[in-house]
There are 2 protein chains.
Amino acid sequence: MALENQELRKAGLKVTLPRVKIYQILEKAGEGDHFSAEDIYKLLLEHNEDVGLATVYRVLTQFEAAGLVSRHHFEGGHSVFELTQDEQHDHIVCVKCGKVREFSDPALKKRQDQIAKELGFKITDRTLYLYGECADGCKNTK
Amino acid sequence: MALENQELRKAGLKVTLPRVKIYQILEKAGEGDHFSAEDIYKLLLEHNEDVGLATVYRVLTQFEAAGLVSRHHFEGGHSVFELTQDEQHDHIVCVKCGKVREFSDPALKKRQDQIAKELGFKITDRTLYLYGECADGCKNTK
DNA sequence: ACGCTAATAAGAATTTTTTGCATTAGTAAA
DNA sequence: TTTACTAATGCAAAAAATTCTTATTAGCGT
């Protein structure tokens, strides 16, 4: 039995075809890849999987609730998803070519914690997006 | 002539009633207030201003392009807006009561700049949202 | 005041996401 | 295994959020 099935069960989710397929797509994604529900839906169609778009949204929402995936709102409306990584990380997005790099910085996190403490907040989540232009190799083709 | 008119002209925008009214609403907002297009639309209706929702969106988008307002995507989909402050700042949001506090921390910014530099990015924008529970005084009424 | 042009209202259209419901498919237990 | 229970799915339709179209109106320079 494949490992993704274990993941799903661990999350308390029945192992169904749509869930497995969606999980696999996310798993195969490279670093910095972020898919929208629509993206995943189209990939499923390409693989001749008969999964409805509504199901994609449902499954992604369930995955998010289970902590399997993280949802992001980059500039421009719709949500994108990625498999939750072991290490929480932030994103820097090129506004020209759309490339996303991920990074994690303990100093940054520590300072954030301190600020939250000073303001009397108990942090449950955090998102830092840096936007800019990636100097070299930016083909400017968003 | 009121000061908001100056602001609009400075931004290269004609002084029209919808723009003035929307600007005034944003101006009157307290620290930490963030309005959605819908919020502003409803406020306009309450003040018997005959402005269409589409116009609200258009004006806010223009204001954003002109740098007059900043758009934020807090958790939960839709955009909210606030008048751009002199000092760029970050947000910490209570997930229980929805309260938003703003803060600015030079150390944080400096570290972000450094990270961007290391990754070869020239930062044009940044958004940090911390989410958590505000300890005391949280009435839990989102 | 006049006229040019940009801005507007209104609603239709799009885009993104959610929901209701009849049907199907996992899963646990016999 | 087959059975049967229940959760999950697909589809269509609705919501929600935002943008576009077009005829009309209103700023603003002259």
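Below, chains carry the letters A, B, ... as their sequence lines are ordered, and counting in each starts from 1. Note that the structure is a prediction, hence the values are computed from the model and not measured.
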side-chain contact (heavy atoms from CB on, under 4.5 Å) evaluation trace for B:F63 with B:L8
CA-CA 9 Å; B:F63 280 8; B:L8 292 176; 3.5 Å; yes
Would you say a side-chain N or O of A:R9 is under 4.0 Å from OP1 or OP2 of C:dT27?
yes
For D:dT19, take OP1 and OP2 only and decide whether either is under 4.0 Å from a side-chain N or O of B:R58.
no
Out of C:dT8, D:dT9, C:dT17, which nucleotide sits closest to the side chain of A:Q62?
D:dT9
Take atom CD1 of A:I40 and atom P of C:dT17, then tell me their distance rounded to the nearest Å.
11 Å
Are B:S79 and D:dT18 close enough that a side-chain N or O sits under 4.0 Å from OP1 or OP2?
yes
Given C:dA7, D:dT9, C:dT27, the nucleotide with the shortest approach to the side chain of A:K14
C:dT27
Among the nucleotides D:dC20, C:dT27, C:dT18, whichever has the atom closest to the side chain of A:A54 is C:dT18
B:D50 has an atom CG; how far is it from atom P of D:dT24, in whole Å?
17 Å
Gap between atoms CD1 and C1', on B:I22 and C:dA7 respectively (whole Å):
12 Å
Taken to the nearest whole Å, CZ/A:F35 to P/C:dT17 is 16 Å
Atom-to-atom span, CG of B:L17 to C1' of C:dA7 - whole angstrom
12 Å
What is the distance, to the nearest angstrom, from the CG atom on A:D39 to the P atom on C:dT15?
15 Å
Of the options D:dC28, C:dA7, C:dG26, whose atoms approach the side-chain atoms of A:T16 most closely?
C:dG26
Between B:E38 and A:V56, whichever has its closest DNA chain D nucleotide further toward 5' is A:V56
Distance-only side-chain donor-acceptor flag, A:Q24 / A:H47, under 3.5 Å:
no
Under 4.0 Å: is that the gap between some side-chain N or O of A:Y57 and OP1 or OP2 of C:dT17?
yes
How long is the line joining CD of B:E49 and P of C:dA9, in whole Å?
10 Å
Please state how far atom CD in B:E64 lies from atom P in D:dT19, giving the value in whole angstrom units.
10 Å
Pairwise distance CD1(B:I115) to CG(A:D105) - rounded to 0.5 angstrom
3.5 Å
Could you check if a side-chain atom of B:R111 sits within less than 4.5 angstrom of a side-chain atom of A:K110, using non-hydrogen atoms only?
no
To the nearest 0.5 Å, tell me how far B:E46 CD sits from B:N48 CG.
9.5 Å
